[in-house]
Enquirer: 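My structure is below; once you've seen it, I'll send some questions.
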Amino acid sequence: MAIEVKVPAVGESITEVTVGEWLKKDGDVVKLDEVLCTLDSDKASFELPAEAEGTLHIMAQAGDVLPIGATICTIEAAGASGVAAPAVPAPAQQPAEAPKAEAPAPEPTPAVQAAEPSDRAEPAAAPSAPASASTIEVKIPSVGESITEVTIAAWNKQDGDTVAMDETLCELESDKATFELPAEAAGTLRIVAQAGDTLAIGATIARIELGAASGTSAAPATPAPAAQPAAAQNGSANGSASYAANYPSPAAAKILAEKGVEASQVQGTGVEGRITKEDAMKASPAPAPQAAPASAAPAPAAAKPAAAPSPAPQAPTPGARTQRREKMTSLRKTIARRLVAVKNETAMLTTFNEVDMKPIMDLRGKYKDKFKDKHAVGLGFMSFFTKAVCIALREFPAVNAMIDGDQMVFNDYCDISIAVSSDRGLVVPVIRNAEQMSFSQIEKEVVRLAGLARDNKLTIEQMQGGTFTITNGGTFGSMLSTPIINAPQSAILGMHNIVERAVVVNGEIVIRPVMYVALSYDHRIIDGKESVSFLVRVKQLLEDPTRILLDV
């Protein structure tokens, strides 16, 4: 019976693919899940695995463009060929040949016994578990509903390294966040895709050889086990959680690498002996370099690849005209695509006003120490702006709405997105139900989300679903700007730097700390009167903070 292999659906917007390269030939016998060919779309490349074991019959050639669902090849099941052929004489020969095929098996047994005379059960296990049969494919997991592909940011392990279960292999970067890919089992890592490659969800990124790992760990038992026996002994004592003992978290591993300290030299205080970030920060970098100058040489060598981009700024000399090219990350490409789409698809306008920040600054100066002592967090400007915005959004619901097709969606809650600048680009985590939160709760949430953004630990859920955005360009010295709407939202408030200016108050010229604020809005859903009135209301609340406390 022949099984038709069809082009699978590889993304919502992808309707056709091109056959890239056949890894198998017509008539070859293939195994289940073995890669047959590569498929190229306008966004990424994919691997097509075999859906059954049998004989391959190719129907589409390399370079052919096929729609989703088209038949690309067929696989004649192995059972079908066995029924068609006269099976009576073949079995008669196979029993006779089977012993002959197994007869040479004892030959490798003495070699194994010579290496490990005390373990006579090992030779029997070795022939029954070939490396090919004990290989696990590590595939890209689903990381979000709208994410169809990811980019390999960096490999934390090298090809051929021995990895432990749940150990971080690499970092995957999508257009929204960064994820860590853990090892699904212990063994020897075989890397399939390199750093910088963009792969679809479900594509094979690496393989872990279980049998090879046991072989390699058993053979060179003299040099390596210096650090591993302790882990092995801990594993026997702790059971299935042995891999966590003396294993650093991603943040701790980075700190230890910068210090040049081996994980085996640090005592973990985390769950089941895991090395935490605090353990890594307390670790002393001195012993490793002083112990062996020769071993210290690889540490700078390992640090040089990370510092490789730094020679680029040093290269330019006076009068030199050099250029440098860098591939855009997935996040940067998505930011660029979305910003252009917002400019093209919305009727965006910006209205401005100015806020006298003296009342807020006087209030902060009076209570900031008591506030911090009680709530263990500083009293910043963001909590005042968030509370003022939530009050104004309830009074002007169109500013808190969005367009969905030919309908307007009004939100009865305030999920405030806070724009945060990170090394990877601009990210916008969301403060949920901000209208129900106190000043201290808002400040703690801002600190928590900003910390996750700096460490690239934000999840998709933490950046989706905002109804209104606040961005603070004043932290970088911006005096005035026109922020771009964060789609599908309809408005965004821009904060700027605070500058002392001469203003007229009650007929007198006085010096006051003044901030310009800007509201960019979608004119399709928000009228000019609503936008100006909204911003005036925010100004009123900020210049008289007691209104925020009394909600008047």
Enquirer: How about CG on D412, more than 12 heavy atoms from neighbouring residues, nucleotides or ligands closer than 6.0 Å, or not?
Expert: no
Enquirer: Is there a side-chain contact between P141 and L181 in this structure, where contact means two heavy atoms from C-beta onward sitting under 4.5 Å apart?
Expert: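 Of all side-chain heavy-atom pairs linking L181 with P141, at least one is under 4.5 Å.
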Enquirer: Can you confirm whether L519 sits close enough to T350 that some side-chain heavy atom of one is under 4.5 Å from a side-chain heavy atom of the other?
Expert: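 No, every pair of side-chain atoms sits at 4.5 Å or beyond.
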Enquirer: Quick one: pull up CG in N433 and CD in E445 and give me the separation to the nearest 0.5 Å.
Expert: 11.0 Å
Enquirer: Of all the heavy-atom pairs spanning A453 and V427, show the shortest one and how long it is.
Expert: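 The pair with the smallest heavy-atom distance is CB-CG2, 3.7 Å.
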Enquirer: Are the side chains of L493 and L535 in touch, meaning some heavy atoms are under 4.5 Å apart?
Expert: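 They are in contact (side-chain heavy atoms under 4.5 Å apart), so the answer is yes.
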Enquirer: Identify which one of V420, T469, L458 satisfies the side chain to side chain contact (heavy atoms under 4.5 Å, CB included) criterion when paired with V428.
Expert: T469
Enquirer: I need the K444 NZ to I431 CD1 distance, nearest 0.5 Å.
Expert: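 It comes to 14.0 Å.
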Enquirer: Do I548 and F439 have side chains that approach each other closer than 4.5 Å (heavy atoms only, starting at C-beta)?
Expert: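 In contact.
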Enquirer: Could you go through L363 and F384, starting from their C-alpha distance and side-chain angles, then the distance that decides it, and tell me whether this counts as side chain to side chain contact (heavy atoms under 4.5 Å, CB included)?
Expert: CA-CA 11 Å; L363 190 63; F384 286 93; 3.8 Å; yes
Enquirer: Does atom CD1 of I511 have more than 12 heavy-atom neighbours from other groups under 6.0 Å away?
Expert: yes
Enquirer: Using a distance-only test with no angle check, is there a side-chain donor-acceptor pair under 3.5 angstrom linking E443 and S383?
Expert: yes
Enquirer: How long is the span from the CD atom in E435 to the SG atom in C390, to the nearest 0.5 Å?
Expert: 6.0 Å
Enquirer: Using only atom types and a distance under 3.5 Å, with no angle test, would you say the side chain of N411 pairs donor to acceptor with the backbone of Y413?
Expert: no
Enquirer: Please name the pair of heavy atoms, one in I208 and one in A183, separated by the smallest distance, quoted to 0.1 Å.
Expert: CD1-CB, 4.0 Å
Enquirer: I'd like to check V538 versus V517 (side-chain heavy atoms, cut-off strictly below 4.5 Å). Are they in contact?
Expert: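 Not in contact.
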Enquirer: Determine whether more than 12 heavy atoms belonging to other residues, nucleotides or ligands lie under 6.0 Å from atom CE of M408.
Expert: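 At most 12 heavy atoms, drawn from other residues, nucleotides or ligands, come within 6.0 Å of this atom.
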Enquirer: Please indicate whether F410 has more than 12 foreign heavy atoms, meaning atoms of other residues, nucleotides or ligands, lying under 6.0 Å from its CZ.
Expert: yes
Enquirer: Mind running side chain to side chain contact (heavy atoms under 4.5 Å, CB included) on I140 and E149 for me, showing each step along the way?
Expert: CA-CA 9 Å; I140 297 177; E149 61 184 20; over 6 Å; no
Enquirer: Can you list every pair that meets ring-ring contact (aromatic ring centres under 6.0 Å, His included) and has a residue in residues 522-552, with sequence neighbours left out?
Expert: F468-F534, Y521-H523
Enquirer: Is there side-chain contact between I416 and M437, with at least one heavy-atom pair below 4.5 Å?
Expert: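 I416 does not reach M437 side chain to side chain.
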Enquirer: Measure the spacing between CG of L199 and CD1 of I152 and express it to the nearest 0.5 Å.
Expert: 5.0 Å
Enquirer: Mind checking the CD-CG spacing from E171 to L169? Nearest 0.5 Å is all I need.
Expert: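 If we round to the nearest 0.5 Å, E171:CD and L169:CG are 11.5 Å apart.
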Enquirer: Hey, does M382 have a side-chain heavy atom less than 4.5 Å from the side chain of M495?
Expert: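 Sidechains of M382 and M495: in contact.
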Enquirer: Is the side chain of E173 donor-acceptor paired with the backbone N or O of A153 at a distance under 3.5 Å, no angle test?
Expert: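 No: the side chain of E173 does not pair with the backbone of A153.
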Enquirer: Not counting sequence neighbours, list each pair that qualifies as a salt bridge (charged side-chain N to carboxylate O under 4.0 Å, His left out) and has a residue in residues 521-544.
Expert: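 Matches after skipping sequence neighbours: E395-R537, D522-R524, K539-E543, D544-R547.
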Enquirer: Which value, rounded to the nearest 0.5 Å, describes the distance between T168 atom OG1 and N156 atom CG?
Expert: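 Result: 6.0 Å between the selected atoms.
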Enquirer: Could you pull out the closest heavy-atom pair between I498 and M515, with the gap in Å?
Expert: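 Taking I498 first and M515 second, the nearest heavy atoms are CG1-CE, 3.8 Å.
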Enquirer: Is E184 salt-bridged to K139, going by a charged N under 4.0 Å from an acidic O?
Expert: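 Here E184 does not pair with K139 in a salt bridge, since their nearest N and O are not under 4.0 Å apart.
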Enquirer: Any donor and acceptor pair, going by atom type alone, linking the side chain of D166 with main-chain N or O of P182 inside 3.5 Å?
Expert: no
Enquirer: Restricting to non-hydrogen atoms, name the atom on I205 and the atom on C170 that form the minimum distance, rounded to 0.1 Å.
Expert: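 Scanning both residues completely, I find the closest heavy atoms to be CD1-SG, 3.8 Å.
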Enquirer: Scan residues 351-369 for pairs that pass salt bridge (charged side-chain N to carboxylate O under 4.0 Å, His left out), counting only residues two or more places apart or in two chains.
Expert: D356-R512, K358-D362
Enquirer: Determine whether the side chains of T467 and N400 contain a donor N or O and an acceptor N or O closer than 3.5 Å.
Expert: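 Distance-only check passes for T467 and N400.
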Enquirer: How far apart are the closest heavy atoms of G466 and S417, and which atoms are they?
Expert: CA-OG, 3.4 Å
Enquirer: For side chain to side chain contact (heavy atoms under 4.5 Å, CB included), just list the numbers for Y367 and K374, CA-CA rounded to whole Å, side-chain angles, deciding distance to a tenth of an Å, and then say yes or no.
Expert: CA-CA 11 Å; Y367 295 107; K374 181 176 181 179; over 6 Å; no
Enquirer: Between W155 and L189, is any pair of side-chain heavy atoms under 4.5 Å apart?
Expert: yes
Enquirer: Run the side chain to side chain contact (heavy atoms under 4.5 Å, CB included) check on M402 and I525 step by step: do they pass?
Expert: CA-CA 8 Å; M402 60 188 66; I525 189 173; 5.7 Å; no
Enquirer: Locate the shortest heavy-atom distance separating P8 from I68; write the atom from each residue and the value.
Expert: O-CD1, 3.5 Å
Enquirer: Tell me whether S520 contacts the main-chain N or O of I484 through its side chain, where contact means a donor paired with an acceptor under 3.5 Å.
Expert: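 No, the answer is negative, given that no donor and acceptor are paired below the 3.5 Å cut-off.
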Enquirer: Donor-acceptor pair, Q407 side chain versus D404 backbone, under 3.5 Å?
Expert: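 Not at all, since once roles are kept as given, no pair shorter than 3.5 Å links the two residues.
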